[in-house]
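Report on one structure; see the data block that follows.
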Amino acid sequence: MPELPEVETIRQSLLPHVVGTVVANVEVRERRLRRPLAADFEQAVRGRPICGIERRGKYLLFDIDRGEHLLVHLGMSGTLELRDSTPDQPHDHVLFHLRDAPRLVFNDPRRFGLLRVGRIAELDELRSVGPDPLAEQWSAERLRGLVRRRKLPIKNLLMDQRVIGGIGNIYASEMLFRAGVRPRRSAARLRGRELTALASAMRAVLEEAVQAGGSSISDFRDGTGRSGYFQLQHAVYEREGEACRRCATPIRRVVLSGRSSFYCPRCQV
DNA sequence: CGCACCCCCTGCCGGC
DNA sequence: TGCCGGCAGGGGGTGC
């Protein structure tokens with residue numbers, strides 16, 4: 001479910017509610033996530049303040065003081081949600097009971113998510129996360145450096161978290177449509193003007209998606225239970241056979257590295 | 001090294 | 001109606 005815009009939406013929705021509070025207690029109901037939850041997880045979080053929330057690619061980082069952070073990755077089906085008195089739901093795996101605030105629940109049916117506590121420098125997962133397309137330093141020049149000698153399809157490169165942080169299957173297709181580039185084009189062989197178009201399309205699509213509160217294509221909700229509506233603006237994702245919004249040509253679907261990819265054969269070269 | 005493939009897990013949908 | 005296969009927004013490991 002969550003790519004950069006959804007993770008950022010969750011971050012922003014949680015900020016006003018959890019920053020400044022304290023984790024009074026942690027309740028773990030299921031330790032078998034992508035990696036088993038550490039034996040000392042509860043002890044590491046219990047009693048700690050939440051001083052801020054950052055995002056790196058698809059990872060959330062809760063600053064719990066003393067130089068330590070709670071790292072959260074939502075995998076395919078994970079959510080983080082503030083719940084007042086709503087009853088427990090299936091797949092509620094970790095419950096953070098906050099002082100003077102609703103409880104924060106990590107729910108993840110497929111259990112591909114990840115929770116860890118540690119110092120940023122010691123969190124290996126973060127070391128390999130590539131640059132964020134929403135960062136100020138993002139530019140066509142930067143993208144040019146990233147595609148050098150990479151002959152793989154541009155869509156695969158966009159989704160490689162070590163190269164660029166935060167882009168998943170929905171937004172890779174959407175930004176390639178915006179840039180007028182087909183998903184199977186070799187990254188290294190893109191022309192200068194295509195890279196320029198792509199670099200700005202990446203940013204524009206992600207910004208608009210954050211603005212819309214993310215894509216709620218299944219049942220994505222932010223930290224306070226609100227749906228996003230960017231799915232209504234999808235140009236190509238999950239629109240195989242439907243008319244291109246720009247030229248009315250039927251949208252096509254191809255499979256790249258096992259992932260469905262969508263494009264308009266007329267608008268994208 | 002780069003890349004395709006398979007796996008992890010549950011839920012949902014369409015077809016029979 | 002009920003069952004089954006295929007597919008789903010994630011990443012990591014393996015083996016070519």
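Reminder, nothing fancy here: chain letters follow the sequence lines and each chain counts from 1. None of these values were measured; they are calculated from a predicted model.
- Listed pair A:H73 / C:dG11 meets the phosphate criterion, a side-chain N or O lying under 4.0 Å from OP1 or OP2.
- Between the CZ atom in A:F220 and the CD1 atom in A:I10 there is a gap of 4.5 Å [rounded to 0.5 Å].
- Looking at A:S215 and A:Y171, their side chains do bring a donor and an acceptor atom within 3.5 Å of each other.
- With values rounded to the nearest 0.5 angstrom, A:R191 atom CZ is found 15.5 Å from A:L198 atom CG.
- Ranking C:dG12, C:dG9, C:dA8 by closeness to the A:R253 side chain, first place goes to C:dA8.
- A salt bridge links A:R185 to A:E194: at least one charged side-chain nitrogen sits closer than 4.0 Å to a carboxylate oxygen.
- The pair A:R103-A:D84 does not count as a salt bridge, with every side-chain nitrogen at least 4.0 angstrom from each carboxylate oxygen.
- Within the 4.0 angstrom heavy-atom criterion, only backbone atoms of the sugar-phosphate kind lie near A:R34; the bases stay farther away.
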What dot-bracket string describes DNA chain B from 5' to 3', counting Watson-Crick and G-U wobble pairs whose defining distances are under 3.5 Å, with [ ] for crossing pairs and | for pairs to another strand?
-> .|||||||.|||||||
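- Checking C:dA8, C:dG10, C:dG12 against every side-chain atom of A:Y237, the shortest atom distance belongs to C:dA8.
- Rounding to the nearest 0.5 angstrom, the gap separating the CD atom in A:E6 from the CZ atom in A:R221 is 13.5 Å.
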Do any N or O atoms of the protein come closer than 3.5 Å to N or O atoms of nucleotides 14-16 of chain C, and which pairs are they?
none

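- Regarding contacts with the backbone of C:dG10, every side-chain N or O of A:Q161 stays at 4.0 angstrom or more from both OP1 and OP2.
- Atom CG in A:L143 sits 5.0 Å away from atom CH2 in A:W138 (nearest 0.5 Å).
- Checked for salt-bridge contact, A:E68 and A:R66 miss the test: no charged N lies under 4.0 Å from a carboxylate O.
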Assign a letter to each nucleotide of nucleotides 2-9 of chain B from its 5' end: B, base within under 4.0 Å of a protein heavy atom; S, sugar-phosphate only; -, no contact.
-> -SS---BB
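- Salt-bridge formation is not detected for the pair A:R178/A:E174: no Lys NZ or Arg NE/NH1/NH2 atom is positioned less than 4.0 Å from an Asp or Glu carboxylate oxygen.
- Salt-bridge check for A:R116 with A:E125: passed, with a basic side-chain N closer than 4.0 Å to an acidic carboxylate O.
- Which of C:dG11, C:dA8, C:dG9 sits closest to the side chain of A:I217 comes down to C:dG9.
- Checking C:dG9, C:dG10, C:dA8 against every side-chain atom of A:S260, the shortest atom distance belongs to C:dA8.
- Taking the ring centre of A:F177 as origin, the terminal cationic atom of A:R246 falls inside the region bounded by 6.0 Å and 45° from the ring axis.
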